[in-house]
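Ligands are counted one by one from 1 in listed order, and the atoms in each one are counted from 1 as well. Positions are given from 1 along the sequence.
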Amino acid sequence: MLSIRGVATGYGKVQILRGIDMSVSEGQIVALLGGNGTGKSTLLKAISGLLPVWDGAIEFEGEPIQNRRPNEIVKRGLTQVTQGKDMYPAMSVEENLRIGAYTRRDRAGVTADIGKVFDYFPVLGERRRQLAATLSGGEVQMLVIGRGLMARPKLIMLDEPSSALAPRIVLDIFSIVNRISRNEGITILLVEQNVRMALLLAEYGYVIRDGVIHIEGDSRDLITDDNVRLAYLGGTVTDAGADAGTGLAH
Ligand SMILES: Nc1ncnc2c1ncn2[C@@H]1O[C@H](COP(=O)(O)OP(=O)(O)O)[C@@H](O)[C@H]1O
Ligand SMILES: [Mg+2]
């Protein structure tokens, strides 16, 4: 569904990505992992058309999309939820959701989809008329995911949804994301520094380092991979059993 071949980009003269190869199949949840500053958000910006691609190719549903306009890419069904929990604090929860539907003209469909977001995230429904500024960190993360869904994406890219949230809240959000993916048939590219959490949700993972994909594999294999463990999981033997019962097992 999404194919990235030899993608290079950066800022000004500074090259960050040196030839990224990865692919995401329809219906999959795939994690893009890596330490702080390794270029994960940079890759998402390049995919979304927010940063020029210097070299390589990006295809979405078999069509090249590199260096297309961001809003054309959104219309094709590829939406990014940017890092940092961006929302409009002085607007209500519902108004924030409507902004996510800016490329759509089907008013009835937009209203129906707002109802659907409230079904998945009931707390947003309870707070629909409240200003976004009054939400907790977890609720804001739900709001920005909900806003991403309002574009009716086929593939949604989530940039570090776990950041600054307590593990319990991350698990709640991830299990809802998992349900949304399965029920709505939405493919997910999940960017995370929190490798352990990400591999609970994703079935496949890529680890970025030095501008290239350094390791890739099934989540089960990555979580027991010595290199991944040493670099990203604190070097301890992971206790996969402790994660049972979260509803995220795959
Ligand atoms: N707008 C920018 N201008 C210049 N350099 C940037 C900009 N955004 C990010 N960088 C640099 O690019 C590198 C990768 O950043 P980023 O993609 O945000 O990493 P990650 O998302 O993996 O934490 C970092 O060295 C960062 O300082
Ligand atoms: Mg980032």
Side-chain angles (χ1 to χ4, degrees), residues 2 4-24 29-58 65-70 73-74 78-87 137-138 140-145 147-148 153 155-167 169-170 173-174 177 188-202 204-217 219 222-223 225 227-234:
L2 178 68
I4 298 164
R5 293 286 160 259
V7 164
T9 189
Y11 303 92
K13 291 198 170 98
V14 182
Q15 184 166 4
I16 305 290
L17 304 180
R18 305 179 180 280
I20 296 284
D21 292 300
M22 55 185 283
S23 52
V24 181
I29 303 182
V30 171
L32 172 63
L33 310 165
N36 191 26
T38 49
K40 303 179 299 299
S41 297
T42 299
L43 180 61
L44 293 197
K45 282 185 246 176
I47 297 170
S48 298
L50 300 169
L51 194 63
V53 174
W54 296 357
D55 197 10
I58 305 175
I65 56 161
Q66 71 267 18
N67 298 325
R68 297 292 170 89
R69 288 165 174 220
I73 292 169
V74 171
L78 210 171
T79 293
Q80 179 188 356
V81 175
T82 53
Q83 195 174 352
K85 306 178 173 42
D86 282 336
M87 41 79 185
V140 170
Q141 187 58 57
M142 294 176 198
L143 178 62
V144 295
I145 293 172
R147 191 176 61 204
L155 191 160
I156 192 166
M157 304 190 288
L158 305 178
D159 198 348
E160 298 206 27
S162 80
S163 73
L165 298 180
I169 293 167
V170 177
I173 293 176
F174 278 14
V177 167
I188 295 176
L189 178 57
L190 172 70
V191 167
E192 273 293 346
Q193 265 188 80
N194 189 333
V195 171
R196 196 185 300 270
M197 285 284 192
L199 292 179
L200 277 177
L201 178 60
Y204 198 86
Y206 292 89
V207 181
I208 188 171
R209 203 172 97 181
D210 300 328
V212 297
I213 297 299
H214 177 59
I215 308 170
E216 65 171 277
S219 295
L222 288 181
I223 213 154
D225 183 295
N227 295 316
V228 174
R229 280 211 335 248
L230 285 169
Y232 304 105
L233 295 171

Q | Shortest protein contact, atom 24 (C) of ligand 1 (heavy atom only) | A | Gly37 O, 3.7 Å
Q.
Any protein heavy atom at under 4.0 Å, with atom 27 (O) of ligand 1 as the reference point?
A. no
(Q) Quick one, Leu44 and Leu189 - any side-chain contact, counting heavy atoms below 4.5 Å? (A) yes
Q | Test item: Met197 and Leu201 side chains (from C-beta on) under 4.5 Å apart, heavy atoms | A | no
Q) Which heavy atom of the protein is the closest neighbour of atom 18 (O) of ligand 1, given with residue, atom name and distance? A) Ser41 CB, 3.8 Å
Q. Tell me, do Leu190 and Phe174 make a side-chain contact under 4.5 Å, heavy atoms counted?
A. yes
Q: Give a yes/no verdict on whether any heavy atom in Gly34 is under 4.0 Å from an atom of ligand 1.
A: no
Q.
For atom 10 (N) of ligand 1, what's the nearest protein heavy-atom neighbour? Residue, atom name and distance, please.
A. Tyr11 CE1, 3.3 Å
Q: Go through the side-chain N and O atoms of Ser163 and Gln193 and say whether any donor and acceptor fall under 3.5 Å apart.
A: no
Q | Numbering as shown, the atoms of ligand 1 that approach Gly35 to under 4.0 Å (heavy-atom distance) | A | 22 (O)
Q) Can you list the ligand 1 atoms lying under 4.0 Å from a non-hydrogen atom of Asn36? A) 23 (O)
Q.
So that I can check it, does any N, O or S atom in Gln83 come closer than 2.8 Å to the Mg ion (ligand 2)?
A. yes
Q) Do the non-hydrogen side-chain atoms of Ile213 and Leu32 ever get within less than 4.5 Å of each other? A) yes
**Q.** Metal check, the Mg ion (ligand 2) vs Ser41 N/O/S, cut-off below 2.8 Å
**A.** yes
(Q) Apply side chain to side chain contact (heavy atoms under 4.5 Å, CB included) to residues Tyr11 and Leu51 and explain how you reach the verdict. (A) CA-CA 8 Å; Tyr11 303 92; Leu51 194 63; 3.8 Å; yes
Q.
Using a 4.0 Å cutoff against the non-hydrogen atoms of Thr38, which atoms of ligand 1 qualify?
A. 19 (O), 20 (P), 22 (O)
Q.
As a test of the contact definition, would atom 7 (C) of ligand 1 count as having a protein heavy-atom neighbour under 4.0 Å?
A. yes
Q. Does Met157 reach the side chain of Asp159, with side-chain heavy atoms less than 4.5 Å apart?
A. no
**Q.** Thr42, portion touching ligand 1 at heavy-atom distance under 4.0 Å
**A.** both
Q. When only distance counts, is Ile16 in polar contact with ligand 1, meaning an N/O pair under 3.5 Å?
A. no
Q) Leu43 versus Met22: any side-chain heavy-atom pair under 4.5 Å? A) yes
**Q.** Derivation and outcome, side chain to side chain contact (heavy atoms under 4.5 Å, CB included), residues Leu17 and Ile208
**A.** CA-CA 9 Å; Leu17 304 180; Ile208 188 171; 3.8 Å; yes
